[in-house]
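Worksheet for the structure shown next.
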Amino acid sequence: MKRRYRLAYYLTGAAAARTGDEMSGPALLLVGLAVTGSASTASALLAGITVSAAVGGPVIGAVLDRAARPGRLLAGALAAYAMTLLLILVSLGRIPLPVVVAAAVLGGLLGPALAGGWTAQLPRVAAPDGLSRATALDALTYNVAGLAGPVLAGLVALLAGAPAGVVVSLALILLALPAAWALPARSPTEDGSAGASRGAPATSIADDLVSGCVAIASTRPLARATLTSVVSYVGVGVLVTCTPLLGDAAFGSPHSGTFLLAVLAAAALAANALLAKRPWLLRPDATVLASTLVLASAFALAATASPVPLVAAMVVAGAAEGPQLTALFAVRHREAPERLRGQIFTTGASLKITGYAVGAGLGGPLATWSLPGALLVAAGCELLAAAVYMACGAPSRRVDGRPPRSWTRTGPGT
């Protein structure tokens, strides 16, 4: 019962933090448009708060892996991220835009804590024989956040103004602090933690950073899934930046773009709910490739910018994006050495967020040039991601020399 309560508490906190995070992106886009009237400025804000994740993620992961109470460090990162959103809000339109974007870049260093930082703690709160189901439930929190976040951003902006959306998003992140603070302490028997608990780590943070990167690069399933997801999320970033203009073109209001994201998230939620009930349906490695190809077709369909095909495209995209995320988590849990689990999750998340940031930065200028053209570029990114997957070839042996474990045979340290 205690373990089940911890998992529920984990899921509640993760859902709150991730809903705030998912809300903050559309809210920043809307407040940028409202204050400056420029799609390029709005995309610059979103790109700024996401582009630095590639630097912050590995460091956050290395520190979490060495901490006796990683939840307390996670809580501090959430609080600092929320304060960054507040700083952006009060500064926009009052000080030069480059300074605001610079503040967003600094805050973005902590962004991976809301994603990989949480997920890396999952094996400590899930029963060893239930990790596959817990992973699907964890992915569901992303989908719930992706559904609720954009809807809340649109509703709050419509009812109370675009700035209020940013306030609500940071409040949701702050609501997750108690659940983060209460995450279980690291067991003294876990690899690499005993020394840290005595205040004498066996290796430096720099050594751990190198080890984590080597683990990803030298374990082919990890490298393949990571590279594919990063390139795929460049396309997703382009799509998200285009949604206010898509909403305006198809439905007559930029706020409608947030509801398009909600449709996408609802489809992803339904797909992952099915996987949570029937985890044996998931074939992680194959799902990463198949979902990427489906995303390419969905983004091409969205380029029509007509109401019915656009909604259909969002449904198809969500049905692919949800299982892609669950499959990515499954590969990481299966392949990550326990000593480097936190770093691998945050590094993977940071690289993925950086891919999203690149797409968000490109999306504004591309959409200004041609909205259909921008979406076709997004579809091309998905095809490129599929090509990257194929170029990486078949799975190889794990970094520790053992053959890859089957996802259906979960156990301690999976």
In Å and rounded to the nearest 0.5 Å, what is the CG to CZ distance from Leu222 to Arg334? 8.0 Å
Minimum side-chain heavy-atom gap Leu295-Leu239 below 4.5 Å: no
Do you know which two heavy atoms are closest between Ala182 and Tyr9, and how far apart they sit? CB-CE2, 3.7 Å
Report yes if some heavy atom in the side chain of Ile88 is under 4.5 Å from a heavy atom in the side chain of Leu45; otherwise report no. yes
Where is the tightest heavy-atom contact between Ala327 and Pro284, given as atom of each residue plus distance? CB-O, 3.4 Å
Provide the closest heavy-atom pair for Thr19 versus Ala15 in the form atom of the first, atom of the second, distance. OG1-O, 2.6 Å
Considering only heavy atoms from C-beta outward, does the side chain of Val240 approach that of Tyr233 to under 4.5 Å? no
Contact summary for Val331 and Ala225, nearest pair of heavy atoms: CG1-CB, 4.1 Å
In this structure, OG1 of Thr287 is separated from CG of Leu325 (nearest 0.5 Å) by 12.0 Å
Exercise: identify the closest heavy-atom pair between Leu293 and Ala386: CD2-CB, 3.6 Å
Pair Gln324, Thr292: side-chain N/O donor-acceptor within cut-off below 3.5 Å: yes
Ignoring hydrogens and geometry, is there a side-chain-to-backbone donor-acceptor pair from Thr84 to Ala80 under 3.5 Å? yes
CA sep, side-chain torsions, deciding dist, call: Leu384, Val234, side-chain contact (heavy atoms from CB on, under 4.5 Å): CA-CA 10 Å; Leu384 179 60; Val234 175; over 6 Å; no
Would you give the length of the straight line joining atom CG of Leu177 to atom CZ of Arg72, rounded to the nearest 0.5 angstrom? 13.5 Å
Quick check for you: to the nearest 0.5 Å, what is the distance between Asp21 atom CG and Leu170 atom CG? 12.0 Å
Nearest heavy-atom approach of Ser24 to Leu85 is CB-CD1, 3.9 Å
Backbone of Thr226 reached by a side-chain donor or acceptor of Ser229 within 3.5 Å: yes
In terms of side-chain geometry, is the basic nitrogen of Asp138 or Arg18 positioned less than 4.0 Å from the acidic oxygen of its partner? yes
What verdict does the side-chain contact (heavy atoms from CB on, under 4.5 Å) test give for Asp285 and Arg220, after you've listed the backbone C-alpha separation in whole Å, the side-chain angles of each residue and the deciding distance to 0.1 Å? CA-CA 11 Å; Asp285 301 285; Arg220 186 170 294 177; over 6 Å; no
Enumerate the residue pairs fulfilling ring-ring contact (aromatic ring centres under 6.0 Å, His included) with a member in residues 89-121, sequence neighbours excluded, ordered by first and then second residue. Tyr10-Trp118
State whether the side chain of Ser169 and the backbone N or O of Val166 hold a donor-acceptor pair below 3.5 Å, judged by distance alone. yes
Go through the steps to decide whether Glu382 and Val236 satisfy the test side-chain contact (heavy atoms from CB on, under 4.5 Å), and finish with yes or no. CA-CA 9 Å; Glu382 300 304 324; Val236 173; 4.2 Å; yes
Once you round to the nearest 0.5 Å, how far does OH of Tyr81 lie from CG of Leu78? 10.5 Å
